[in-house]
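Notes follow the structure.
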Amino acid sequence: MASSLWGGRFEKEMDDIVKKYNASIGFDQRMYNEDIDGSIAHVTMLGEQDIISEEEKKVIVEGLEEIRADIKSGKIVFNVDDEDIHMGVESRLIQRIGDVGKKLHTARSRNDQCQVDTKLYVRKEIEEILECLCYLESVILEKAEQYADKIIPGFTHLQHAQPITLGFVFMAYFQMFKRDITRLKDAHERMNYCPLGSCALAGTTLPTNRHRTAELLGFKAPTENAMDSVGDRDYSLEFLSAASISMMHLSRWAEEFVWWNTSEFSYIAIDDSFCTGSSIMPQKKNPDMAELLRGKPGRVYGDLVQLLTVMKGTTSSFNKDYQEDKEAVYDAADTWKASITIFAKMLKNTEFRMDQIGKQMDKGFLNATDIAEHFAKQGIPFREAHSIVGRMVKACENNNCDFEDLTDEQLREIDNRVTKETLGDISIPACVDARVSYGGTAPSEVRRQIAKEKEWMDSL
Ligand code: ARG
């Protein structure tokens with residue numbers, strides 16, 4: 001008989017390299033708290049159902065709490081013989097409290113146990129990440145208020161497009177992270193069902209109460225089908241998808257930070273504490289945090305693709321392949337949390353250089369669309385207005401001047417309906433103030449958005 005907890009039918013020990021290859025203790029010990037919480041809920045239920053005695057339950061719970069304390073203090077150090085966190089805890093419990101410890105694994109399997117641990121872990125990470133995202137949103141709202149009426153060039157195709165407010169830019173990112181928040185909340189809602197007691201794949205003949213363990217662990221209810229319970233990794237995949245999308249959002253803004261921070265743009269000055277220097281070029285101050293934020297999605301996408309690939313083509317119920325689910329989740333959670341926090345702090349500590357931004361406002365005919373809309377309001381069909389302004393741009397380029405410099409004659413030559421007077425107020429602030437359509441860039445609209453989203457934040 002081999003020495004493992006499952007060794008009854010084995011005549012030989014595992015080969016050493018097999019042991020190492022098979023073990024997950026190296027990483028899943030991260031979930032020792034979740035594993036012990038799951039076990040305590042399980043024995044509490046076993047006691048209530050008279051599957052074990054009240055006294056046995058008490059001894060097991062005390063033993064588990066001692067083990068928790070010893071893991072925390074570093075007194076217990078796991079090794080490859082523990083195989084995984086479930087057996088690591090259980091075998092130490094048996095060593096510590098004797099035969100009664102052997103009752104812990106009644107009416108459960110590692111197949112449901114690893115699901116309980118990972119679900120509790122993902123649920124905890126979701127809660128922490130929601131907090132990080134809410135902090136980021138609060139920083140964004142603060143900045144959006146501060147810059148609600150500050151004007152900057154808006155780009156499409158990285159070309160000057162239309163004047164917009166800086167507060168409007170902040171609120172655009174607010175919406176992306178808001179979707180990240182609601183996406184995580186949806187995932188939380190869908191995953192919050194307890195697999196404990198599904199056992200290997202088919203439930204148990206013992207008179208368990210799965211509703212009770214679900215309740216004790218804060219789940220909404222037990223999962224409905226034991227076989228699906230041990231084979232489902234959708235919750236981790238949803239977590240990784242949400243992480244990937246959110247990291248993509250962060251990387252997009254990080255990229256804007258990188259080019260806003262170039263000496264050519266100089267829209268922002270990132271605080272020294274978020275930059276690094278060069279080992280050879282003494283003058284350098286590089287936006288490394290923004291660049292790392294741009295690069296980090298690579299590993300998180302990798303985590304998602306890894307687990308999707310692990311799951312692909314596996315048969316229903318449990319397969320050992322699924323042991324490969326955890327490191328992807330841990331890595332994505334760590335990376336995501338750190339990235340949101342760094343980004344929020346960097347944003348808080350970035351100076352927006354309105355003096356530099358202001359210098360860019362007269363480039364690129366930012367008010368061209370506003371003039372065309374002005375003509376449209378005077379009854380000129382928009383397609384014609386578009387063409388008139390296009391020809392005005394050409395005339396300005398040929399004469400190296402701005403719209404305001406075109407004479408009545410030049411304008412009449414372009415289209416006889418147009419004079420300097422019909423141009424109206426085409427100053428940049430007037431153009432921005434007038435973009436009051438719902439969701440538009442006008443300061444009044446940005447302030448409406450801020451007020452609405454503040455209310456939403458309060459409702460969370
Ligand atoms: N260490 C495994 C995991 O993390 C436990 C699953 C049960 N293993 C088994 N051979 N039934 O997924």
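Note that ligands are numbered from 1 as they come in the structure, with each ligand's atoms numbered from 1 the same way. Throughout, numbering of the chain's residues begins at 1 and tracks the sequence.
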| For the residue pair Trp260 and Phe265, is the inter-centroid distance of their aromatic rings smaller than 6.0 Å? |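 Judged by ring-centre distance (under 6.0 Å), Trp260 and Phe265 do not meet the cut-off.
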| For the rings on His160 and Phe365, is their centre-to-centre separation under 6.0 Å? |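 No, the ring of His160 stays outside the 6.0 Å limit from the ring of Phe365, centre to centre.
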| field | Exam field: side chain Asp288 to backbone Cys275, donor-acceptor pair closer than 3.5 Å | value |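 Side chain of Asp288 to backbone of Cys275, a donor-acceptor pair under 3.5 Å: no, none is there.
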| request: Test Thr441 against every option in Ile151, Ile164, Val436, Leu166 by the side-chain contact (heavy atoms from CB on, under 4.5 Å) rule and name the one that passes. | output: Ile164
| Just checking, Arg30 and Tyr330: is the charged tip under 6.0 Å from the six-membered ring centre and within 45° of the axis? | yes
| note | Output for ligand 1, non-hydrogen cut-off under 4.0 Å, lists Ser24, Asp84, His86, Arg110, Asn111, Cys114, Phe318, Gln323, Lys326
| Who passes salt bridge (Lys or Arg N to Asp or Glu O under 4.0 Å) against Asp303, sequence neighbours left out? | none
